Amino acid sequence: MPGTPSDSAHHCSDHGGEHPTVLDLPYVPLSLKREWLEAETRRHFLARGSKALAWAGLATLLGRSAPHLLADTAALPDRRPLFAPKAKRAIYLFMAGAPSQFETWDYKPKLAGMFAQNLPESVRGGQVLTGMTASQAGLPIAPSFYKFAQQGKSGTWVSELFPWTGKVVDDICLIKSLYTEAINHEPAILTMTTGNMFPGKPSLGSWLAYGLGAINEELPTFVVMTSKIPIKENVQALSNRLWSSGFLSPEYSAVALRSGSEPVLYLQDPKGVGRDVRRSMIDGVNELNQQLFERVGDPEINTRISQYEMAFRMQTSVPELNDFSDEPASTWDLYGPKAKEPGTFAYNCLMARRLAERGVRFTQVFLRTWDNHTKLPAHIRVMCEDSDRPTYGLITDLKRRGMLDDTLVIWGGEFGRTVYSQGKLEADNYGRDHHPRCFSMWMCGAGTKPGMTYGETDDFSYNIVKDPVHVRDLHATILHQFGFNHNKLTFKFQGLDQKLTGVLPARVIREVLA
């Protein structure tokens, strides 16, 4: 009926609909509509703006991060490094699912004589067990099925599962005394990636992008890649909350590169649209955004403008990045045959080196299915075969190119595994449950001490007996290598000077730094 508002007229930009805005609302004076528009929230703007164009899905890309793009530069904290950084860039090899320290880096020879014995209560210390093992009749000790040997001049004990990584162990700083409070995967991975087991916090890479900005304006500052899954069991889900910018500007979120011919969706121009047409379209959209910025003063509008510009530049830089034809045969020999298969861990390690070489500050490569609750001996062999040679290749490649001196490489998962078997125990077949009290990680390059082993656990790798390292301490140390005091790199949110390391004390592990 004439004068009767349609169903769509009841919607506004607040509901997330595609079309009507506040200006479409019936029976509202124009002056009031304009007043509402001036007070429109950032959430409204982003919710509506994110649907404007398909290729605006690149809104997570880091644009020109110089402070002059923001509305009130005088209110910004001084985020510059406080001292000369050792690290210029980082590559984080994240082993999602939590690899067992018993079969990888924490050699426990005494366990060989304790097969199937029950874990002493004095060692367990009343620790609450997960629901997966709490109902077991006992907690039988499961010695590692795999052998260890001392490798390199440092004499570091290395599992036989890592024949390639063992060749570069003198470049690695091994930490065997990490611990966390989280006992389940999601909160534990969030803690490792964002410093907090609750979602909504900025990730480590986002903090570095926020603090340091871009090296190369043609590529994002923070990139994430998820590798093909070697085993189709116990697959740990990953989501963009692990590489989100949280309460920081969206420009500091990671760009997730896909495998194949189109690493970033919607980056290519549609058929029939030339570069000049695309340039004109961006100029027009940017002009509209600039007009809106002048009216409402929201600095996120300038972020949106810079994201469009970044996307335009990436139309040239990403195809070049994705062209491996310039890689010599010696490079392929380093990473192994799987490096030629897009999406594999080997391929992603090589891509990580190419990204670092081109100025990407933080690259995170995820490899899943380390969550071996059953069939651990068989499954962990597959995982190590998939990751060992590419890891060696990455370190060796960086070293040959003179990049290891200022590239920090990090390897590790979200927590450790139990000394006792989950489920049936056999000499060559067992599983291990989650264990947050101790686990092993390593760092390499960028001023870390090569060939060093730091921290010790007891004979059961159940409790830390020397030099404990909380996840907060690890994060503080990483920020330190980039020139930051972890207590000074902050962002005001919800009345608190938010930090990667949170409100609890954290320390830089100076003992592992050269």
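All values reported here derive from a predicted model rather than from experimental measurement.
Inspection of the Ser245 and Ser206 side chains reveals no N or O donor paired with an N or O acceptor under 3.5 Å.
Of the residues Trp105, Tyr107, Phe148, the one that meets the ring-ring contact (aromatic ring centres under 6.0 Å, His included) test with Trp157 is Tyr107.
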Hey, mind stepping through Asp106 and Thr457 against side chain to side chain donor-acceptor pair (under 3.5 Å) and telling me if it holds? CA-CA 8 Å; Asp106 202 3; Thr457 59; 2.7 Å; yes

Salt bridge (charged side-chain N to carboxylate O under 4.0 Å, His left out) between Asp323 and Arg354, intermediate numbers included: CA-CA 10 Å; Asp323 181 5; Arg354 292 174 64 87; over 6 Å; no

Begin from the C-alpha positions of Thr104 and Gln101 and carry the test side chain to side chain donor-acceptor pair (under 3.5 Å) through to its verdict. CA-CA 5 Å; Thr104 54; Gln101 70 272 27; over 6 Å; no

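A salt bridge links Glu357 with Arg401: the distance from a Lys NZ or Arg NE/NH1/NH2 to an Asp or Glu carboxylate oxygen falls below 4.0 Å. Glu341 and Lys228 are joined by a salt bridge, as a carboxylate oxygen and a charged side-chain nitrogen come within less than 4.0 angstrom of each other.
Remark: aromatic rings of Phe439 and Tyr179 are distant, center separation not under 6.0 Å.
In this view, Tyr146 satisfies the ring pair (Phe, Tyr, Trp, His ring centres under 6.0 Å) rule with no residue, not counting sequence neighbours. For Phe366, the ring pair (Phe, Tyr, Trp, His ring centres under 6.0 Å) criterion is met by Phe94, Trp243, not counting sequence neighbours.
Arg389 forms no cation-pi arrangement with Tyr335, by the criterion of a distance under 6.0 Å to the ring centre and an angle within 45° of the ring axis.
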Side-chain donor/acceptor pairs under 3.5 Å, residues 406-415, sequence neighbours excluded:
from	atom 1	to	atom 2	distance (Å)
Asp406	OD1	Arg89	NH1	2.8
Thr407	OG1	Arg89	NH1	2.7
Thr407	OG1	Met403	O	2.7
Glu414	OE1	Gly97	N	3.1
Glu414	OE1	Ala98	N	3.2
Glu414	OE2	Gly97	N	3.0
Glu414	OE2	His185	ND1	2.7

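The neighbour count for Lys449 NZ, taken as heavy atoms of other residues, nucleotides or ligands under 6.0 Å away, is above 12.
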